[in-house]
Amino acid sequence: MTESKLPPVYDPGAVEDRLYGEWLERGFFRAPGDPAKETFTIVIPPPNVTGSLHMGHALDCTIQDILIRRRRMMGLDTLWLPGTDHAGIATQIKVEEHLAEEGVTRQELGREAFLERVWEWKEEYHGRIVRQLQKLGLSCDWSRERFTMDEGCSRAVREVFVALYERGLIYRGDYITNWCPRCHTALSDIEVEHEEEAGTLYFIAYPVIDGEGAVTVATTRPETMLGDTAVAVHPQDVRYRALVGREVLLPLVGRRLPVVADEYVEPDFGSGAVKITPAHDYNDFLLAGRHGLPSVTVIGSNGRMTPAAGRYAGLEAGEARRRIVEDLRAAGLLLAEQEQSHALGRCQRCRTVIEPLLSKQWFVRMKPLAEPAIARVKSGEIRFVPERFTRVYLNWVENIRDWCISRQIWWGHRIPAWYCACGETVVARLEPESCPSCGGVPVQDPDVLDTWFSSALWPFSTLGWPERTDDLAHYYPTSVLVTGYDIIFFWVARMIFMGLEFMEEVPFRTVYIHGLVRDAQGRKMSKSLGNGIDPLEIIERYGADTLRFTLVTGQAPGNDLRFRQENVENSRNFANKIWNASRFVLMNTALTDVGPPDNKRPLSAADRWILHRYNETVRRVDRLMDDFELGEAARLLYDFLWSDYCDWYVEMAKITLYAPEKEAEKQAARAVLTFVLDGIMRLLHPFMPFITEEIRQKLSARDPAATIVLAPWPMATEAHDFPAEHERMNLVMEVIRAIRALRAEAQLPPGAKLSVILQAPEETGAVLAEGLPLLKRLANVSEAQLVLQLADKPRCCLSAAVGEVELYLLLEGTIDVAQERQRLEKEEQRLEAELARCRGKLQNEVFLAKAPARVVEEEQAKEAEYSLQREKVRARLAAL
RNA sequence: GGGGCUAUAGCUCAGGGGGAGAGCGCUUGACUCACAUUCAAGAGGCCGCUGGUUCGAUCCCAGCUAGCCCCACCA
């Protein structure tokens, strides 16, 4: 019993790193790649190499690890493929900020030197992130780790780009795009975040040429008027019908603008007339296309006014606005100003206000790609959990617009397009040596691709595509994708259509969507608020198991969760409970006791009860985990271990274990103690990998090769179903609870031993007789007398009833009769109310006619029970 | 303008067509030989409002109210 040296408080620090090292060394996480075996595959949502892991990663990865570890224990060929994302804009910003501290800009460094610095950064942060993931205990196959810009992924990106180009699904053209003047790049639609902000709507008079008066246009962006090339009105708007086809004069500039009619104009907004600026507004751009209008770019990519802005050239756009408003006012052309809130687009990465800008960009044509991506989800080939996210996904894909994929930054996959002075564009997998049409030397497009372009290929590029590797054949499609709802559009949707286009198969069968981790007040964790909690800090203080358990309990699929200190402590306490339950078992069993309980050793009622409860738990946990109800499963295990196993079974087992002799019974109890503990450790292992491994290794110290990582996932055995014994034990437990309650009621001194009389009919009495030792110990009763019938109710004692059992506490001192009377009366009232409810139902003929027979019978049984209980309470009242 | 989520104990949240649950907090008692990061007992809820479906609704449906989120090109 050397194990008794285990310290009474679990210390994760002494365990976790050592075990993780062992697991890695022994290669437990390496996917076997056995073609004969069923697979279970997850590719990790690759964390950005921009910084460190946050709580969201911890949740996301914990969920994946739970799914993976369980399947591994089930014997599947399990692969969890880890990796990181180069995160183009985000990383570039970080490195630029870093350089700024040295007083250097990337332009000063030049492209090559800058990229060297980014790679250095990447190396450093990659290492940091991997260490953090390992701290969490994640069972990734590190031998297959990938990076979105490694050799293979880069090849996949080029292959996909060229193939899509050849299929006419990628094109280059001049369109309005979202331009971030700070990041100096175009962005896709979803990288722009819209916020309602207060603004001013300016009413400006555009004089009518060759006519009287002026047309009033309303705009929130007067600075763009310099680029106006028309004024539009609604075709049905009688106010302006006469003006259509005529011209107005653009103030401050003096350009002649045609008045056009277009359905796009809302007659009820503003003045009903819209200035049209094709170079700086998406809708105006579309309208200009319909009417063959020219465009004038007045705001440049640096956010300053272009030479086309005349005397405003060179001004920052905001400043230009102020000047223009002033000048209009001076000219008497500013007719009115009105408060108007409007949606302002901001850069997702740097919060700078987005400028819609006409520029030449690369796009992915989405409609043809979206179609199958819609169909395969609708057909159920891909299932979202929870199901409601299917709608979110479909809603987006069904309204998708072409995807702008070129970025004017340096860090990322260079676009595989080369331009020749002769005008030829070459899109190729490898750098062309010369221009195919003129023989000249083409120059590569300086731009890089949207980060999400490479992320979209992740489920197959990481498995070796475009090579037809064994891994690809074996592990694709993956089983589950686990991610937060915030990147369904960015990533999930794009993986689906890329997977369908290039693998002709869905990338995953199930998408499990979880919520966001918020702070204790429910706010999003963010750097600016400074309310982020570092997962590493929690791990340092409480251990990875505790953090994992905290994250996975107390939250339902798809719902956000609040991260609260109290919950962490509760999980820590649970880990400690596990530890001490194990200490107890190790102190009281020998290694020879390990092994399933069998007929050779006589199982006690308590043994059978816990085995039955264990079986129930195994079945329910299994079903919950199949349904991705991980929080529920964890809660169930928590309750079983803490309440059933520790509070009840261990206490019951002590009676046998500490009794003199009874060797056979002791053997049985020890076998059950270890069997159930071992099973519960295995069920808990996906949630809390470290402590469960530590304990299992101690439980099976004879076998140095033992590891819980590859231990079989528990299954319920019918041989351990004992429904009748389970019922009987429940009765004994109820009686114990009742006695404890009476003790507390009477505020008996702690050590006071009790005498009780238990009255019960023969059969029930037999159950109690069997349970008497338990009852004496667990209810702290010294004398228990079992009777069939009491001639007279004992006087002046506390009493209670449990089913057919009536019990009386024989107290040596006096009891507070008034207080006891009050308690019994309250009980009588409660029964009265229940009875009334039952009878109400049973007297309702419609209920009797329509409710299922089972329900009616239940109700009748209840009525009888309540009625009986009430009589007993009355009798005890009378006896007081 | 569309779409979604949430409303349950003081707090944070599970649950689910037939007698309301957990953790924390609170009250009372106990340092009982695995654990005071513990044990035992308890108080505390018209399950947001109004209708409908049903024999029966906290649960299903509709509407409302309140809060949160996502999407969208009314300048």
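No hydrogens, no waters, no symmetry mates; every other heavy atom, side chains included, goes into these values. Below, chain A is the first sequence line, B the second, and so on; all start at residue 1. Please read all numbers here as calculations on a predicted model, not as lab measurements.
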Q) A:Asn559 has a side chain; which of B:C73, B:U37, B:A14 sits nearest to it? A) B:A14
Q. Base, sugar-phosphate, or nothing for A:Val650, non-hydrogen atoms under 4.0 angstrom?
A. base
Q: Please test A:Thr224 against A:Lys275 for side chain to side chain donor-acceptor pair (under 3.5 Å), starting from the C-alpha separation and ending with a verdict.
A: CA-CA 9 Å; A:Thr224 64; A:Lys275 58 189 271 311; 2.7 Å; yes
Q. Between the base of B:A40 and the side chain of A:Glu651, is there any donor-acceptor pair under 3.5 Å?
A. no
Q) Looking for any heavy atom pair under 4.0 Å, which part of the strands does A:Val9 touch: base, sugar-phosphate only, or nothing? A) base
Q: Look at the side chain of A:Asn570 and decide which nucleotide, out of B:G23, B:C5, B:C73, has an atom nearest to it.
A: B:G23
Q. Looking at the side chain of A:Ala741, which of B:A75, B:G42, B:A14 is the nearest nucleotide?
A. B:G42
Q. For A:Trp642, which contact category applies under a 4.0 Å heavy-atom criterion: base, sugar-phosphate, or nothing?
A. sugar-phosphate
Q | Proximity to the side chain of A:Pro852 - top-ranked nucleotide from B:C73, B:G18, B:G3 | A | B:G18
Q) Given B:A34, is OP1 or OP2 found less than 4.0 Å from the side-chain N or O atoms of A:Lys654? A) yes
Q: State whether the distance check finds a donor on one side and an acceptor on the other, under 3.5 Å, for side chain A:Arg562 versus base B:U12.
A: no
Q) Which is true for A:Phe489 with a 4.0 Å heavy-atom rule: it touches a base, it touches only sugar-phosphate, or it touches nothing? A) sugar-phosphate
(Q) Any side-chain N or O of A:Arg391 below 4.0 angstrom from OP1/OP2 of B:G4? (A) yes
Q) Heavy atoms under 4.0 Å, any strand shown: does A:Cys838 hit a base, just sugar-phosphate, or nothing? A) nothing
Q: Sticking with atom P, work out how far B:A9 lies from B:A20, rounded to a whole angstrom.
A: 15 Å
Q. If you look at every strand shown and take non-hydrogen atoms under 4.0 Å, does A:Lys275 touch a base, only sugar-phosphate, or nothing?
A. nothing
Q.
Does B:U38 have OP1 or OP2 under 4.0 Å away from a side-chain N or O of A:Asn576?
A. no
Q: May I ask you to check whether over 12 heavy atoms, not counting those of A:Arg623, lie within 6.0 Å of atom CZ?
A: no
Q) Taking the side chain of A:Tyr658 as its heavy atoms from C-beta onward, which of B:A34, B:C5, B:A40 lies nearest to it? A) B:A34
Q) Between A:Asp560 (side chain) and A:Leu516 (backbone), is there a donor-acceptor pair under 3.5 Å? A) yes
Q) Roughly how far apart, to the nearest Å, are B:C5 and B:U32 at atom C1'? A) 49 Å
Q: Please give the nucleotide sitting opposite B:A62 as a Watson-Crick or G-U wobble pair, both distances under 3.5 Å, or none.
A: B:U50
Q: With heavy atoms under 4.0 Å as the rule, sort A:Arg221 into base, sugar-phosphate or nothing.
A: nothing
Q. Toward the 5' end of RNA chain B, which comes first, A:Pro8 or A:His194, by nearest nucleotide?
A. A:Pro8
Q | Separation of the C1' atoms in B:U8 and B:C59, to the nearest angstrom | A | 11 Å
Q | Complement of B:G44, any strand, by Watson-Crick or G-U distances under 3.5 angstrom | A | none
Q) Hey, does the side chain of A:Arg401 come within less than 4.0 Å of B:C73's phosphate (OP1/OP2), counting only N and O? A) yes
Q | Enclosure of A:Gln565 CD (heavy-atom neighbours >12, cutoff 6.0 Å) | A | yes
(Q) Looking only at the side chain of A:Lys862 (C-beta and beyond, no hydrogens), which of the listed nucleotides B:C5, B:G15, B:G18 gets closest? (A) B:G18
Q | A:Lys826 side-chain proximity, nearest of B:A43, B:C74, B:A41 | A | B:A43
**Q.** Pi-cation contact, A:Trp648 with A:Arg740 (under 6.0 Å, within 45°)
**A.** yes
Q) Paired with B:C5: which nucleotide, if any, by Watson-Crick or G-U wobble criteria at under 3.5 Å for both distances? A) B:G67
Q: Measure from the side chain of A:Glu632, starting at C-beta and using heavy atoms only, and say which of B:A14, B:A40, B:C5 lies closest.
A: B:A14
Q. Expressed as a whole number of Å, how far does the C1' atom of B:G10 sit from that of B:C64?
A. 28 Å
Q. With respect to the side chain of A:Ala744, which nucleotide from B:A75, B:A41, B:C70 is positioned closest?
A. B:A41
Q. When you measure from the centre of the six-membered ring of A:Trp396, is the NZ or CZ of A:Arg391 under 6.0 Å away and within 45° of the axis?
A. no
Q) Hey, does A:Arg572 reach any base, or is it just sugar-phosphate, or nothing, if we go heavy atoms under 4.0 Å? A) base
Q) Considering the options A:Phe640, A:Phe687, A:Tyr638, which one meets the ring-ring contact (aromatic ring centres under 6.0 Å, His included) requirement together with A:Phe574? A) A:Tyr638
Q | Distance under 6.0 Å and angle within 45° of ring axis: A:Arg401 vs A:Tyr282 | A | yes
Q. So does A:Lys577 get a side-chain nitrogen or oxygen closer than 4.0 Å to the phosphate oxygens (OP1/OP2) of B:C39?
A. yes
Q. Contact class for A:Val265 (heavy atom, under 4.0 Å): base, sugar-phosphate, or nothing?
A. base
Q. In whole Å, what separates the P atom of B:G25 from that of B:G63?
A. 42 Å
Q | Partner nucleotide of B:G56 by Watson-Crick or wobble geometry (both distances under 3.5 Å) | A | none
Q) So which nucleotide does B:G21 pair with, by the Watson-Crick or G-U wobble rule with both distances under 3.5 Å? A) B:C13
Q.
Please pick, from B:A34, B:C24, B:G3, the nucleotide with the shortest atom-to-atom distance to any side-chain atom of A:Glu566.
A. B:C24
Q: In whole angstrom, give me the gap between the P atoms of B:U37 and B:G42.
A: 24 Å
